[in-house]
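Numbers restart at 1 for each chain; the letters A, B, ... are given by sequence-line order, proteins then strands. All values reported here derive from a predicted model rather than from experimental measurement. Every heavy atom of this structure was used, including side-chain atoms; hydrogens, water molecules and symmetry mates were not.
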Amino acid sequence: METRIGSMAQEKKGRPQEQKLVDSPAPSLEVLRHSAAHLLAQAVLDLFPGTQVGIGPAVENGFYYDFLRDKPFTPEDLEAIEQRMRELVKEDIPIERIVIPKAEAIKLFQDMGQELKVELIKEKGGDQVSCYRQRSFIDFCLGPHLPSTGAIKYFKLLSVSGAYWRGDERGPQLQRIYGTAFFTKQDLENYLHFLEEARQRDHRRLGADLDLFSFDELVGPGLVLWHPKAGAIRKEIEDYWHEEHFQDGYEFLYTPHIAKLDVWRTSGHTEFYEAMFPPFQSEGIEYELKPMNCPFHIMIYKSRLRSYRDLPLRWAELGTVYRYERSGVLHGLLRVRGFTQDDAHIFCRDDQLEEEITRVISLALRMLRTFGFVGYDLFLSTRPEKYVGSEEDWDQATQALKKALEKQGLSFQIDEGEGVFYGPKIDMKIKDALGRSWQCTTIQLDFNLAERFDLSYTGEDGQPHRPFLIHRAILGSLERFFGILIEHYKGNFPLWLAPVQMSILPIADRHNEYADQLNQLFRREGIRSVVNSRREKIGHKIREAEMAKVPVILIIGDRELQKETVSLRVHTVGDKGEWPVSKLLEKIKILIKNKAITYDF
RNA sequence: GCCAGCGUAGCUCAGCGGUAGAGCAACUGAUUCGUAAUCAGUGGGUCGGAGGUUCGAAUCCUCUCGCUGGCUCCA
């Protein structure tokens with residue numbers, strides 16, 4: 001039935017060795033997991049008769065099965081179910097494929113009280129319907145499956161959650177039990193270890209531990225409070241962002257956070273865009289918090305006549321927008337209601353399109369590399385069934401996107417018909433230190449707004465022409481990108497980003513003065529340095545600095561004071577011996593200037 | 001928004017009808033110390049909020065706010 005194959009690196013190792021399949025020549029993790037899902041359903045029906053089963057596919061990291069039952073499954077239930085599954089594995093029950101006429105299948109499942117299955121068979125089944133049976137448990141399923149339950153050795157149930165029958169919010173709510181399964185014990189352990197590692201990197205946990213950001217009930221859900229340490233990081237990100245954009249020929253805009261609702265009527269957002277906060281009134285005029293920056297940039301474009309000579313215009317803004325995300329989807333910094341896009345709009349002629357796309361792609365690659373992201377996947381989405389703009393424009397723009405990618409020798413995947421209705425787009429997904437993918441960069445053509453705002457420029461021929469409008473973000477949103485950075489680095493930010501770059505630790509009171517002198521010296525050079533002159537033992541101060549993940553730790557005592565040196569300790573590395581102050585300063589300045597990700601002292 | 005779970009000190013958690021607790025952190029004092037936790041003491045809570053049941057509620061019930069895991073959405 002419904003199956004998707006995962007692509008996580010962790011799973012690639014999982015390959016069957018001696019398992020034989022009923023009817024598949026190429027056994028895969030997907031088949032194993034699909035069979036594990038059946039095993040789960042069998043166990044649930046054994047323990048909780050009268051439960052209706054929904055669908056149970058293999059998914060990216062495991063499998064799930066949906067159940068319809070009055071009472072919720074408790075964590076204890078989950079344990080009992082997993083226990084029952086292990087028993088069924090021990091019994092090594094054969095899994096058989098049976099093919100029966102559709103009418104017979106319908107009757108079969110009706111007799112078992114499995115109405116959801118009946119619905120599926122009626123809709124999806126052909127004349128002959130394939131089912132899989134393991135003892136009394138029968139499932140409507142295309143397969144393939146493993147030959148017997150004994151082959152499903154290494155699995156674990158992970159969680160239970162809600163899901164709608166067939167994804168329809170109005171339909172019945174089912175309970176979904178998630179689990180994972182692997183061919184070897186080692187693979188399972190690796191995956192569980194991966195989950196634990198992800199838990200430890202969770203930016204929400206690190207955000208609190210490292211005093212980076214918080215949310216407050218009084219302020220509101222999804223509204224981020226950036227603390228001073230996060231502020232330091234954000235400033236580095238923004239400074240670098242400005243520098244790269246300036247070098248790449250962008251100019252910078254600033255626009256308001258609210259506008260008359262009429263703006264959003266013109267843009268079409270009121271009609272099509274669901275994530276807008278409700279409008280509010282002042283002096284009888286309706287205003288709206290901005291969910292996007294585009295209309296403002298467009299109004300600046302329209303503030304005077306534009307000539308073909310003016311193009312391309314590259315206008316960028318770190319623009320804070322507000323979107324009403326449904327309460328259930330909010331998630332730390334990764335899904336919020338107020339966020340700052342690293343937005344830009346490029347207005348260009350058709351003959352400039354390919355060049356502009358090319359520039360954006362290389363800007364994105366350059367910037368993401370600087371932040372330490374080297375792995376990425378590119379996706380080109382083409383014209384969907386419902387679209388605005390002319391077919392000709394779509395083709396031309398899609399070709400330009402494609403050529404820009406090809407010219408740089410980048411491999412990419414084409415998502416046919418997956419574009420948004422207003423234009424084709426390129427999305428980039430970066431890979432973090434755990435191999436997880438995050439979408440950040442997006443480059444989208446927009447035929448809709450160009451038309452709705454009737455954008456034009458005067459061509460060489462003296463006639464009005466419609467410019468191409470490119471909407472793009474490199475980092476996506478600063479909040480989300482910050483969250484990704486925290487998880488990628490596990491809070492161990494490289495020197496140039498670290499909120500506190502250096503902690504100076506005097507051993508005794510008599511070293512405080514020298515410590516302060518050093519601190520002044522480093523701060524004058526723009527280094528975020530602090531002194532820890534608490535009356536604690538040096539081991540304690542070192543522990544504090546290490547836990548705060550400060551990259552450079554300087555220890556000073558009698559020896560250093562006398563020789564005007566410092567003892568260097570590098571976070572996560574350890575003692576790196578005595579250094580002359582000037583030599584260390586130069587070294588650190590270079591590392592910061594180069595935005596070094598890894599460094600050797 | 002929906003389903004389920006969870007909200008007790010700044011953090012991690014115990015207590016689950018009978019006078020609110022521990023560790024860490026904070027603060028005060030002593031210790032002046034060489035590469036991941038010195039010792040002692042002190043303060044800190046309308047147990048997320050509102051209502052109800054009860055002689056009595058952190059504990060039971062209802063509503064509400066927030067968080068978590070999913071679903072769904074992301075023109």
For A:Arg265, check side-chain hydrogen bond (donor to acceptor under 3.5 Å, both in side chains) against everything at least two apart and list the hits. A:Asp262, A:Glu286

Apply side-chain hydrogen bond (donor to acceptor under 3.5 Å, both in side chains) to A:Asn519 and list each qualifying residue two or more places apart in sequence or on a separate chain. A:Ser529

Under the rule for side-chain hydrogen bond (donor to acceptor under 3.5 Å, both in side chains), what residues qualify as partners of A:Lys302, not counting sequence neighbours? none

What nucleic acid atoms does A:Asp209 come within less than 4.0 Å of, heavy atoms only: base, sugar-phosphate, or nothing? nothing

Would you kindly check if the NZ (Lys) or CZ (Arg) of A:Arg176 is within the cone defined by 45 degrees around the ring axis of A:Tyr64 and under 6.0 Å from the six-membered ring centre? yes

Grab the CD1-P distance between A:Ile556 and B:U35 for me, whole Å please. 16 Å

Base, sugar-phosphate, or nothing for A:Ile555, non-hydrogen atoms under 4.0 angstrom? base

Quote, to the nearest angstrom, the P distance that separates B:G41 from B:C55. 44 Å

With sequence neighbours left out, what residues match A:Lys587 under salt bridge (charged side-chain N to carboxylate O under 4.0 Å, His left out)? none

A:Asn492 has an atom CG; how far is it from atom C1' of B:A36, in whole Å? 14 Å

Say we look at B:G66 and B:U8: how far apart would their C1' atoms be, to the nearest angstrom? 15 Å

Expressed as a whole number of Å, how far does the P atom of B:G44 sit from that of B:U38? 26 Å

Looking only at side-chain N and O atoms, does A:Glu79 offer a donor or acceptor that is under 3.5 Å from a partner on A:Gln83? no

Atom-to-atom span, CG of A:Asp66 to C1' of B:C3 - whole angstrom: 12 Å

On a whole-Å scale, what distance lies between the C1' atoms belonging to B:A57 and B:U19? 14 Å

At a heavy-atom distance below 4.0 Å, what parts of residues 499-518 of chain A sit against RNA chain B? A:Ile507, A:Ala508, A:Asp509, A:Arg510

Side-chain polar contacts of residues 215-233 of chain A - donor-acceptor pairs under 3.5 angstrom, sequence neighbours left out - could you list them?
from: A:Asp216; atom 1: OD1; to: A:Leu218; atom 2: N; distance (Å): 2.7
from: A:His227; atom 1: ND1; to: A:Asp211; atom 2: OD1; distance (Å): 2.8
from: A:His227; atom 1: NE2; to: A:Ser214; atom 2: N; distance (Å): 3.4
from: A:His227; atom 1: NE2; to: A:Ser214; atom 2: OG; distance (Å): 2.7

Where each residue is assigned the nucleotide of RNA chain B containing its nearest heavy atom, which of A:Thr572 and A:Arg534 is assigned the position nearer the 5′ end? A:Arg534

What are the atom names and distances for every N/O pair under 3.5 Å that joins the protein to nucleotides 44-47 of chain B?
none

Salt bridge (charged side-chain N to carboxylate O under 4.0 Å, His left out) against A:Glu560, all qualifying residues, sequence neighbours excluded: none

Distance between C1' atoms of B:A50 and B:G18 (Å, rounded): 24 Å

For B:G34, does the base pair up with any side-chain atom of A:Glu560 as donor and acceptor (N or O, under 3.5 Å, distance only)? yes

Counting primed atoms, P, OP1 and OP2 as sugar-phosphate and everything else as base, the B/S/- map of nucleotides 62-75 of chain B against protein heavy atoms under 4.0 Å is ---SSSSBBBBBBB

Scan A:Arg69 against the nucleic acid and name what it touches under 4.0 Å (heavy atoms): base, sugar-phosphate only, or nothing. nothing

Expressed as a whole number of angstroms, how long is the span from A:Leu561:CG to B:G34:C1'? 14 Å

Is it true that A:Tyr273 and A:Arg323 share a donor-acceptor pair across their side chains at a distance under 3.5 Å? yes

Any pair counted as salt bridge (Lys or Arg N to Asp or Glu O under 4.0 Å), so long as it reaches residues 414-426 of chain A, sequence neighbours left out: A:Lys425-A:Asp427

Please determine whether the number of non-hydrogen atoms from other residues, nucleotides or ligands lying under 6.0 Å from atom CD of A:Gln413 exceeds 12. yes

For A:Arg510, enumerate each residue passing the side-chain hydrogen bond (donor to acceptor under 3.5 Å, both in side chains) test, keeping only those at least two apart in sequence or located in another chain. A:Asp558

So, for A:Phe447 and A:Tyr422, is the gap between ring centers shorter than 6.0 Å? no

Have A:Trp165 and A:Gln173 got a donor and an acceptor in their side chains that come within less than 3.5 Å? no

Could I get a table of every N or O pair under 3.5 Å where one atom is in the protein and the other is in nucleotides 37-43 of chain B?
from: B:A37; atom 1: N9; to: A:Arg543; atom 2: NE; distance (Å): 3.3
from: B:A37; atom 1: N7; to: A:Arg543; atom 2: NE; distance (Å): 3.4
from: B:A37; atom 1: N7; to: A:Arg543; atom 2: NH1; distance (Å): 3.0
from: B:A37; atom 1: N7; to: A:Arg543; atom 2: NH2; distance (Å): 3.4
from: B:A37; atom 1: N6; to: A:Arg543; atom 2: NH2; distance (Å): 2.6
from: B:A37; atom 1: N1; to: A:Arg543; atom 2: NH2; distance (Å): 2.8
from: B:U38; atom 1: OP1; to: A:His540; atom 2: ND1; distance (Å): 3.0

Return the pairing partner of B:A50 with a 3.5 Å limit on both distances, Watson-Crick or G-U wobble; otherwise return none. B:U62

